[in-house]
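In this chain, residues are counted from 1 in sequence order.
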Amino acid sequence: MTDVAAKPTDSLTVRDNRTGKEYDIAISDNTIAAKDLGQIRLTDDEPGLATYDPGFVNTASCRSAVTFIDGDKGILEYRGYPIEQLAEKSTFLEVAYLLINGELPTKEQYETWVHEITYHTFVHENVKEFVQGFRYDAHPMGMLMASVGALSTFYPDAVNISDAENRHMQMVRMIAKMPTLGAWAFRHAQGKPFVYPDNELSYTENFLSMLFRMSEQSYAADPRIAKALDVLLILHADHEQNCSTNAVRSVGSSQVDPYSAVAAGVAALYGPLHGGANEAVLRMLRRIGSKENIPAFIEGVKNGEEKLMGFGHRVYKNYDPRAKLIKKACDDVFEVTGVNPLLEIAQELEKIALEDEYFVKRRLYPNVDFYSGLIYEALQFPPEMFTVLFAIGRTPGWLAQWNELITDKEQKIARPKQIYTGDRQLTFVPAEERWA
């Protein structure tokens, strides 16, 4: 009987039909190391084999303990905790602590964490002047991206990323200041005076105050609205190696300061394929107009004439667990604001998509963007602010991933390979000869 301990490492045997040679490549965590393919080559003086994977659809760029997703089963966990439990029982700041530190805080740790975040919500007055320098019609995401990057000039010590205490301070500052920067971008676009943070309020209540407070001496947010916004921030806090997280990690791999790395994440989120999908859902619902028009719209989708926005996901092949939680949050928000007339259209679309064989066969389920835009609109946010809210919620996840990257000894500066498709060995002809 063979000793179990003597069993060889799981491996993949590859036969190169060009040469007839066979290679054993180790399998670990259901992956192979791309560098191991480099040994497969025609001759010693030629490059070894590489993989071609546009969009990284089947390439792992890191080992991470931050977020787990099982798209086939519709599972999302932060540090092992199901998103459903965190959304129901936790707070955004507790989830932020969990993501960054890897475990839930004790009472003392949480109180210290909340105090640190609250203390650092204010920004330098020069940042206020910086934001005021934008045109009145500047997009809030453009302002947020620029102001986050500008923070690196206010905290030059942030470049010392090898110091754990220093990294902690920069992460605290960024989580604390993102609502302030986002709210000021919102107010600037409306031509309203900026509202300073109110340290007597909770994180989400303070954000709502900076957004909507006018002449009143103090701002009291409806607790149902504050709770719904807190849940939305939790649901957006991290989502594994998505486009913006990959941008943060890629830029962060150069060992730049965290403000610059997160600014890259904001830039990636700015794109309509990433952060702007919920705005596209609202445009779709408005174009449909009423429940009576849904059958014709659905027929257009099946014929390739229309796009069903807010359904399907690159990762999830089941119901996006975040969509279920946002749908539940809709009830609390609409109880305060009144029902968005587009909700009836959205609910009917969802009902059809979950029952119609065309959509069921293609596993097109509602994703996080399908209902979130309805809530944001009910809270009086213009569509251009939707992605800013997304960025504020995603900041702890970006920072947790960045911090993990910095402490991961396996990581190197990002430098993907390419397949060159251009000309080679051309002969340069001087301008006077080419133009003669």
Side-chain angles (χ1 to χ4, degrees), residues 61-62 64 66-67 78 92-93 95-97 99-101 116-117 120-124 127 130-131 139-164 166-185 203 207 233-234 236-271 274-276 385-408 411 413-414:
S61 63
C62 64
S64 179
V66 179
T67 297
Y78 295 162
F92 176 65
L93 286 187
V95 168
Y97 184 98
L99 287 170
I100 289 173
N101 295 285
E116 286 183 306
I117 299 292
H120 286 282
T121 51
F122 282 80
V123 297
H124 196 286
V127 176
F130 179 77
V131 176
H139 196 290
M141 273 297 277
M143 288 190 274
L144 182 67
M145 177 174 60
S147 54
V148 169
L151 288 180
S152 65
T153 66
F154 289 88
Y155 305 107
D157 57 326
V159 299
N160 186 15
I161 61 173
S162 60
D163 186 307
N166 186 50
R167 291 200 307 273
H168 171 81
M169 179 51 62
Q170 309 314 323
M171 290 188 285
V172 164
R173 284 171 173 160
M174 208 173 312
I175 294 171
K177 298 177 193 307
M178 284 293 278
T180 308
L181 297 176
W184 284 8
Y203 189 83
F207 182 41
L233 295 179
I234 290 172
H236 284 118
D238 196 56
H239 207 242
E240 206 213 46
Q241 303 307 311
N242 53 80
C243 177
S244 57
T245 299
N246 179 66
V248 171
R249 277 183 169 266
S250 183
V251 172
S253 72
S254 73
Q255 299 194 349
V256 73
D257 67 88
Y259 301 102
S260 299
V262 169
V266 177
L269 194 63
Y270 199 170
H274 191 8
M385 270 296 292
F386 293 177
T387 321
V388 172
L389 299 170
F390 194 152
I392 293 170
R394 183 55 56 86
T395 298
W398 285 335
L399 292 170
Q401 299 274 353
W402 169 80
N403 193 48
E404 187 177 63
L405 165 86
I406 296 303
T407 56
D408 184 352
Q411 288 296 310
I413 184 170

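A pairwise comparison of heavy atoms in A247 and A268 identifies CB-CB, 4.0 Å as the closest pair. The two atoms that bring V95 and A237 nearest to each other are CG1-CB, 4.3 Å, heavy atoms only. Closest of all the heavy-atom pairs between C243 and H274 is CB-CD2, 3.8 Å. Between P179 and Y203 the shortest heavy-atom distance is CG-OH, 3.1 Å. Q241 and S61 get closest at one heavy-atom pair: OE1-OG, 4.4 Å. Closest approach of L93 to I175, counting heavy atoms only: CD2-CG2, 4.3 Å.
For N242 (side chain) and E240 (main-chain N/O), a donor-acceptor pair under 3.5 Å exists by modelled atom type. Of the possible polar contacts, one joining the T407 side chain to the N403 backbone as a donor-acceptor pair under 3.5 Å is found. Checked by atom type and distance alone, the side chain of Y78 pairs as donor or acceptor with a backbone atom of I234 at under 3.5 Å.
The stretch residues 388-400 participates, sequence neighbours left out, in no salt bridge (charged side-chain N to carboxylate O under 4.0 Å, His left out) pair at all. Each side-chain hydrogen bond (donor to acceptor under 3.5 Å, both in side chains) pair with one or both residues in residues 139-152, not counting sequence neighbours, would appear here, but there are none.
Contacts of F207 classified as ring-ring contact (aromatic ring centres under 6.0 Å, His included), with partners at least two apart in sequence or in another chain: none. Partners of S162 according to the side chain to side chain donor-acceptor pair (under 3.5 Å) rule, which considers only residues two or more places apart in sequence or in another chain, are N160. Checked against side-chain contact (heavy atoms from CB on, under 4.5 Å), A146 has the following partners two or more places apart in sequence or in another chain: F130, F134. Scored by the side chain to side chain donor-acceptor pair (under 3.5 Å) test, Y259 finds Q170 as partners (sequence neighbours excluded). Checked against side-chain contact (heavy atoms from CB on, under 4.5 Å), A414 has the following partners two or more places apart in sequence or in another chain: S250, S253. Not counting sequence neighbours, the partners of D238 by the side chain to side chain donor-acceptor pair (under 3.5 Å) test are T67, Q401. Partners of T180 under the side chain to side chain donor-acceptor pair (under 3.5 Å) rule, at least two apart in sequence or in another chain, do not exist in this structure. When the side-chain contact (heavy atoms from CB on, under 4.5 Å) test is applied to A267, the partners found at least two apart in sequence or on another chain are M145. Residues passing the salt bridge (Lys or Arg N to Asp or Glu O under 4.0 Å) test with E404, sequence neighbours excluded: R249. Residues meeting the side-chain contact (heavy atoms from CB on, under 4.5 Å) test with A400, sequence neighbours left out: V66, L99, I100.
If you take CE on M141 and CG on L269, they are separated by 4.5 Å, rounding to the nearest 0.5 Å. Between the CD1 atom of I406 and the CG atom of D163 there is a distance of 12.5 Å, given to the nearest 0.5 Å.
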Run H239 and T245 through side-chain hydrogen bond (donor to acceptor under 3.5 Å, both in side chains) and show every step you take.
CA-CA 8 Å; H239 207 242; T245 299; over 6 Å; no
Could you walk me through whether W402 and M171 satisfy the side-chain contact (heavy atoms from CB on, under 4.5 Å) test, starting with their C-alpha distance in whole Å, then the side-chain angles of each, then the deciding distance to 0.1 Å, before giving a yes or no?
CA-CA 10 Å; W402 169 80; M171 290 188 285; 4.3 Å; yes
From CA spacing to verdict: side-chain contact (heavy atoms from CB on, under 4.5 Å), Y270, L144
CA-CA 10 Å; Y270 199 170; L144 182 67; over 6 Å; no
Take L181 and V127, measure what side-chain contact (heavy atoms from CB on, under 4.5 Å) needs, and give me the verdict at the end.
CA-CA 9 Å; L181 297 176; V127 176; 3.7 Å; yes
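Screening L151, V251, L399 for a side chain to side chain contact (heavy atoms under 4.5 Å, CB included) involving V262 leaves a single residue, L399.
Note: F154 and H124 have tilted aromatic rings, judged against thresholds of 30 and 60 degrees for the angle between ring planes.
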